[in-house]
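In listed order, ligands and their atoms are each counted from 1. Bear in mind the structure is a predicted one, so any value in this text is a computation, not a measurement.
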Amino acid sequence: MAEKEIVLSGIRPTGNLHLGNYFGAVKNFIKMQHDTNAYFFIADYHSLTTHPTPGDLHGNVKQVLAEYLATGLDPELATIYVQSDLPETAELYLLLNMNAYIGELERTTSFKDKVRKQPENVNAGLLTYPVLMAADILIHKAKKVPVGKDQEQNLEMARKFAKRFNRIYNVEYFDEPIPYNFGEELVKVPGLDGSGKMGKSEGNGLYLIDDEKTIRKKVMKAKTDAGPTEPNSEKPQEIVNLFTLANIVSKPETVKFFNEAYSDCSIRYGDFKKQLAEDIVQFTMPIRERILSISADDAYLSKVVKMGAEKARESAVKTLKEVREIIGFRHF
Ligand code: ADP
Ligand code: TRP
């Protein structure tokens with residue numbers, strides 16, 4: 001059997017997972033573990049670019065790791081590690097930095113965004129963020145990277161650095177990493193405030209770690225209108241959003257029932273929300289329990305990251321050795 005190609009994704013250790021993250025990304029990661037030679041790492045070096053003095057770096061990494069494991073990332077199937085456990089990445093970053101130009105880095109959209117958002121902390125790490133990301137990918141010679149819209153340019157830069165390395169040192173060493181497609185339409189999970197999307201910065205998240213009461217409270221507070229007065233009228237955005245969520249978590253019969261009730265104007269939003277809250281709770285509670293038990297199991301977490309780092313170091317050590325040889329470092 002042909003060997004599965006390496007597909008790699010970095011996860012920023014910033015905050016808890018919400019339903020948007022789960023249905024938009026994590027669910028596909030879980031599938032990806034079966035279809036590819038999947039590598040996942042927690043990007044703790046990267047997190048310093050925006051939070052250079054984190055209050056609890058280790059705690060943040062641990063929380064994110066526990067949440068991803070609880071949702072179904074499987075250390076037996078995928079290589080799961082912490083970025084800073086692989087110092088080879090940092091050395092490749094240093095080497096790639098010599099051929100990354102300030103002008104091109106300054107022109108990236110994410111750098112310009114960050115400069116706008118944190119003008120008091122425009123550090124060199126922020127500028128060279130795409131170089132570190134390229135090092136993450138190239139250190140394993142990963143073939144593909146799943147990227148959302150906001151990461152496309154970073155992947156483009158990684159391709160550029162790979163190509164440039166080959167040209168400058170006159171080798172055909174790195175392949176250009178390309179986007180990995182999950183193979184199905186990506187769902188966009190809406191928020192409960194009538195806005196477009198659920199997101200951390202939108203402040204409208206239903207988190208996997210939320211307890212039952214919190215979920216119910218958030219859902220019951222969801223924005224609704226006065227209700228339909230004409231049969232078969234079109235739904236306003238906030239009601240479409242509720243149905244979109246129901247489509248994701250509820251049984252088809254439930255969605256059908258409330259859809260019909262909407263069409264004949266008999267719908268009671270209170271009942272609809274109660275049912276929706278119930279279905280979300282049914283989905284999130286087992287995950288919440290697993291998050292809590294995994295976060296309390298330091299021995300398990302330590303075993304997972306050790307195993308991941310060991311596996312990841314195999315390709316990292318090899319690549320770095322070859323890169324050093326190509327550039328011309330020799331031992332005396
Ligand atoms: P957040 O909005 O919580 O800051 P991130 O920007 O960190 O989310 O995104 C992490 C991953 O989750 C990305 O792959 C992104 O596409 C996905 N994601 C985030 N919010 C949603 C959403 N509402 N619907 C679908 N996918 C989402
Ligand atoms: N920049 C990515 C994000 O913000 C995280 C990341 C770091 C990453 N290194 C990576 C993603 C390498 C894919 C490959 O989400």
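- When each atom of ligand 2 is checked for a heavy atom of V145 under 4.0 Å away, the hits are 13 (C), 14 (C).
- Nearest to atom 3 (C) of ligand 2 by heavy atom, out of K144, R12, Q83, is R12.
- Note on residues 51-80: pairs passing salt bridge (charged side-chain N to carboxylate O under 4.0 Å, His left out), not counting sequence neighbours, are K62-D298.
- The contact shell of ligand 1, taken as protein residues with any non-hydrogen atom closer than 4.0 angstrom, comprises R12, H18, G20, N21, G24, A25, V187, K188, V189, K197, M198, G199, K200.
- Listed for the N181 side chain is no donor-acceptor partner under 3.5 Å among the backbone atoms of G183.
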### Y169/I326 under side-chain contact (heavy atoms from CB on, under 4.5 Å): CA gap, chis, key distance, verdict
CA-CA 7 Å; Y169 300 109; I326 289 169; 3.6 Å; yes
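- Listed by number with element, the atoms of ligand 2 under 4.0 Å from a non-hydrogen atom of L8 are 12 (C), 14 (C).
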What pairs of donor and acceptor atoms, side-chain ones from residues 134-141 against any protein atom, are under 3.5 angstrom apart with sequence neighbours left out?
{"from": "D136", "atom 1": "OD1", "to": "Q83", "atom 2": "NE2", "distance (Å)": "2.9"}
{"from": "D136", "atom 1": "OD2", "to": "Q83", "atom 2": "NE2", "distance (Å)": "3.3"}
{"from": "H140", "atom 1": "ND1", "to": "S315", "atom 2": "OG", "distance (Å)": "2.8"}
{"from": "H140", "atom 1": "NE2", "to": "Y81", "atom 2": "OH", "distance (Å)": "2.8"}
{"from": "K141", "atom 1": "NZ", "to": "Y173", "atom 2": "O", "distance (Å)": "3.2"}

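- Aromatic ring pairs are classed by plane angle as parallel below 30°, tilted from 30° to 60° and perpendicular above 60°; the pair F243 and Y262 is perpendicular.
- At a threshold of 4.0 Å, the pair K318-E314 does not count as salt-bridged, since none of the basic side-chain nitrogens sits closer than that to a carboxylate oxygen.
- Within the structure, the salt bridge (charged side-chain N to carboxylate O under 4.0 Å, His left out) test picks out the following pairs touching residues 14-41 (sequence neighbours left out): K31-D35.
- Counting heavy atoms closer than 4.0 Å to ligand 2, residue F41 contributes side-chain atoms (C-beta onward) but none from N, CA, C or O.
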